[in-house]
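The next block holds one structure in the form of C-alpha cells; read it before the comments.
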Amino acid sequence: LFFSLQSNTWQWDSKAIDAKEIPDDVGLMMSKKTLQLPAECQFGMKLLACLGSKCDKSTLRLLMMCQKCPHKERSLKKRKQDADEINNEFSIFDPAIDEGLLKEERSSYIFAHDQIQHGAYSLMLENERARLHHQIGHSILEKMSDDHVNDLLFTAVDQLNRGEIFMKEEPGRMELAKLNLKAGEKAMSLATFLSSASYLERGISLLCDDHWEEYYDLSLHLYSLYAEVEYCNGRFHNISLTVKSIFAHAKVYRDKLRAYATLIKALVAQYKLQDATDMGFGVLSQLGVQRQSSLPDTSAVLRDLMA
C-alpha cells in the first residue's frame with residue numbers, strides 16, 4: 001500500500017499482494033472457509049485444486065460434465081445439453097469468488113493464493129485425491145478430440161500418474177507407460193529435459209517384471225530415450241546404469257546403437273576422449289567397418305583441422 005503523489009490517492013500493488021506468502025495458520029483458516037461454502041462449490045474447488053492453481057474454462061467444462069458432485073441433487077429427467085446450461089454450471093464457483101478465494105480472469109479460474117489451493121486439496125483424503133486424479137486423466141483422454149488431447153497431454157498424464165494406485169492391472173499400467181513415453185518425447189522436443197526425464201523415469205517404473213520379454217519395443221524406446229535426455233541433463237551416472245540394461249537385454253546388436261551413441265557422447269562430455277574413441281571404433285568393428293591399422297598422429301590431425 002502506498003500513497004501516489006500523482007493521483008493524490010492511496011494505491012496498492014495487486015501482484016505483490018498475490019505473491020506474498022501466507023502463514024500456515026492463515027492457510028488453515030482458508031481451508032475452514034472453504035468448508036463453509038455450498039457442497040457443489042466445495043466439489044468444484046477440489047476439482048480445481050487437483051488441476052493446479054489455474055484452469056481454463058474449456059477444460060473445466062469438459063471435466064464438470066464428466067464428474068458428478070456426490071452432494072448434487074439431479075433430476076431423473078434427461079438434462080438438456082445446450083450451451084446455456086453448460087455455462088450455468090460455472091455458477092457453482094460464484095460463492096468462492098464472492099469470498100475472494102477464486103478469481104475469474106478471462107477464460108480461466110485462478111486460486112487467489114497457493115495456500116487456498118493447498119487448503120482445498122487437503123480437504124480430501126489420500127484415496128479420494130488419487131481417485132479424482134485418475135478420473136480427471138481418463139476424462140481428458142476419453143472425451144477430447146485427438147488434437148485437443150495432444151494440447152492437454154501433460155495434464156492428462158500428470159493426473160493419471162497421481163492416480164496410479166487405481167491402475168493395478170498390467171494392460172492399464174502398460175498403457176500409462178506408453179503415455180509417459182509420449183509425454184517424455186513431447187517434453188524433450190520442447191527442450192524441457194528435466195520434465196522429460198521425469199516422465200520417462202515414471203514410464204520405466206510402471207513396466208512389469210518381465211517387460212524386456214513381454215514389452216520389448218516399449219522397454220527399448222523408454223530406456224534409450226531416458227539415456228538421451230539424461231545426457232542433456234548432464235546426469236552421466238544415470239546414463240551408465242540405463243545403457244547397461246539395454247546392452248544386457250537387446251535382442252540384436254543394432255538395438256544397442258542408440259545407447260552406444262549416447263554413451264560415447266557422454267564420455268566426450270566428461271573429457272574421456274580415449275574411452276570414447278575406443279568405444280566408437282569397437283562399434284564400427286562390430287558393424288563390419290574396417291579402419292586403418294594405425295591412427296594418424298595427433299599433431300597431423302590438428303594441422304589438417306587448422307588448414
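What you see is a predicted model, and the numbers here were worked out from it, not measured in a lab. In this chain, residues are counted from 1 in sequence order.
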Assess the residue pair Leu220 and Lys251 against the criterion (side-chain contact (heavy atoms from CB on, under 4.5 Å)); give the C-alpha distance rounded to whole Å, side-chain angles, the decisive distance to 0.1 Å, and a yes or no.
CA-CA 10 Å; Leu220 183 64; Lys251 293 180 179 179; over 6 Å; no

Quick check on the hydrophobic clustering: are [X] and [Y] connected, directly or via other members, by side-chain heavy-atom contacts under 4.5 Å?
X: Leu48; Y: Leu125; result: no
X: Phe93; Y: Ile110; result: no
X: Tyr253; Y: Phe247; result: yes
X: Leu200; Y: Leu194; result: no
X: Leu206; Y: Ile165; result: no

Check each of Arg202, His134, His133 against Glu164 using the side chain to side chain donor-acceptor pair (under 3.5 Å) test, and report the only one that passes.
Arg202

Would you check if [X] and [Y] make a side-chain contact, meaning some heavy-atom pair closer than 4.5 Å?
X: Leu160; Y: Asn180; value: no
X: Thr192; Y: Tyr199; value: no
X: Ile136; Y: Ile140; value: yes
X: Cys50; Y: Met124; value: yes
X: His118; Y: Gln115; value: yes
X: Asp275; Y: Ile264; value: no
X: His211; Y: Leu218; value: no
X: Tyr223; Y: Trp212; value: yes

Would Met279 and Tyr260 count as a side-chain contact (heavy atoms from CB on, under 4.5 Å) here? Give the steps.
CA-CA 8 Å; Met279 185 175 293; Tyr260 269 121; 3.8 Å; yes

Identify the heavy atoms of [X] and [Y] that sit nearest to each other, and give their distance.
X: Cys55; Y: Leu51; value: SG-CD1, 3.5 Å
X: Thr262; Y: Ala227; value: CG2-O, 3.4 Å
X: Ala112; Y: Lys103; value: CA-CE, 4.2 Å
X: Ala197; Y: Asn233; value: CB-ND2, 3.7 Å
X: Ile246; Y: Ala259; value: CD1-CB, 3.8 Å
X: Leu207; Y: Ala177; value: CD2-CB, 4.3 Å

Check this for me: [X], atom [atom1], are more than 12 non-hydrogen atoms of other residues, nucleotides or ligands nearer than 6.0 Å?
X: His138; atom1: NE2; answer: yes
X: Asp210; atom1: CG; answer: yes
X: Lys272; atom1: NZ; answer: no

Any chance you could lay out the side-chain contact (heavy atoms from CB on, under 4.5 Å) test for Leu132 and Arg129, step after step, and finish with the verdict?
CA-CA 5 Å; Leu132 193 51; Arg129 295 175 194 168; 6.0 Å; no

Please round to the nearest 0.5 Å and tell me the distance separating atom [atom1] of [X] and atom [atom2] of [Y].
X: Leu102; Y: Thr34; atom1: CG; atom2: OG1; value: 8.5 Å
X: Glu228; Y: Leu263; atom1: CD; atom2: CG; value: 12.0 Å
X: Glu230; Y: Asn238; atom1: CD; atom2: CG; value: 4.5 Å
X: Leu60; Y: Tyr109; atom1: CG; atom2: OH; value: 7.5 Å
X: Met174; Y: Met167; atom1: CE; atom2: CE; value: 10.5 Å
X: Asn127; Y: Phe166; atom1: CG; atom2: CZ; value: 4.5 Å

Looking at [Y], is its backbone amide N or carbonyl O close enough to the side chain of [X] to form a donor-acceptor pair, meaning the two atoms are under 3.5 Å apart?
X: Ser122; Y: Gly119; answer: yes
X: Ser285; Y: Phe281; answer: no
X: Ser245; Y: Leu241; answer: no
X: Glu175; Y: Pro171; answer: no
X: Asp56; Y: Ser58; answer: yes

Residues passing the side-chain hydrogen bond (donor to acceptor under 3.5 Å, both in side chains) test with Lys186, sequence neighbours excluded, are none

Intermediate values then yes/no, salt bridge (Lys or Arg N to Asp or Glu O under 4.0 Å), Lys57 and Glu104:
CA-CA 10 Å; Lys57 288 184 178 180; Glu104 184 179 3; 2.4 Å; yes

Please determine if Glu170 and Arg173 form a salt bridge, counting it only when a charged side-chain N lies under 4.0 Å from a carboxylate O.
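So Glu170 does not pair with Arg173 through a salt bridge.
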
Decide, yes or no, whether a salt bridge links Lys46 with Glu128 under the criterion of side-chain N to carboxylate O below 4.0 Å.
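Yes, this pair counts.
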
[X] and [Y]: side-chain donor and acceptor closer than 3.5 Å?
X: Glu185; Y: His221; answer: yes
X: Tyr121; Y: Gln117; answer: no
X: Asp255; Y: Tyr216; answer: yes
X: Ser91; Y: Asp94; answer: no

Can Leu190 and Phe154 be said to form a side-chain contact (heavy atoms from CB on, under 4.5 Å), step by step?
CA-CA 12 Å; Leu190 298 172; Phe154 295 142; 4.0 Å; yes

With a cutoff of under 4.5 Å between side-chain heavy atoms, which Ile, Leu, Val, Met, Phe, Trp and Tyr residues group with Leu35?
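Cluster partners of Leu35: Leu123.
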
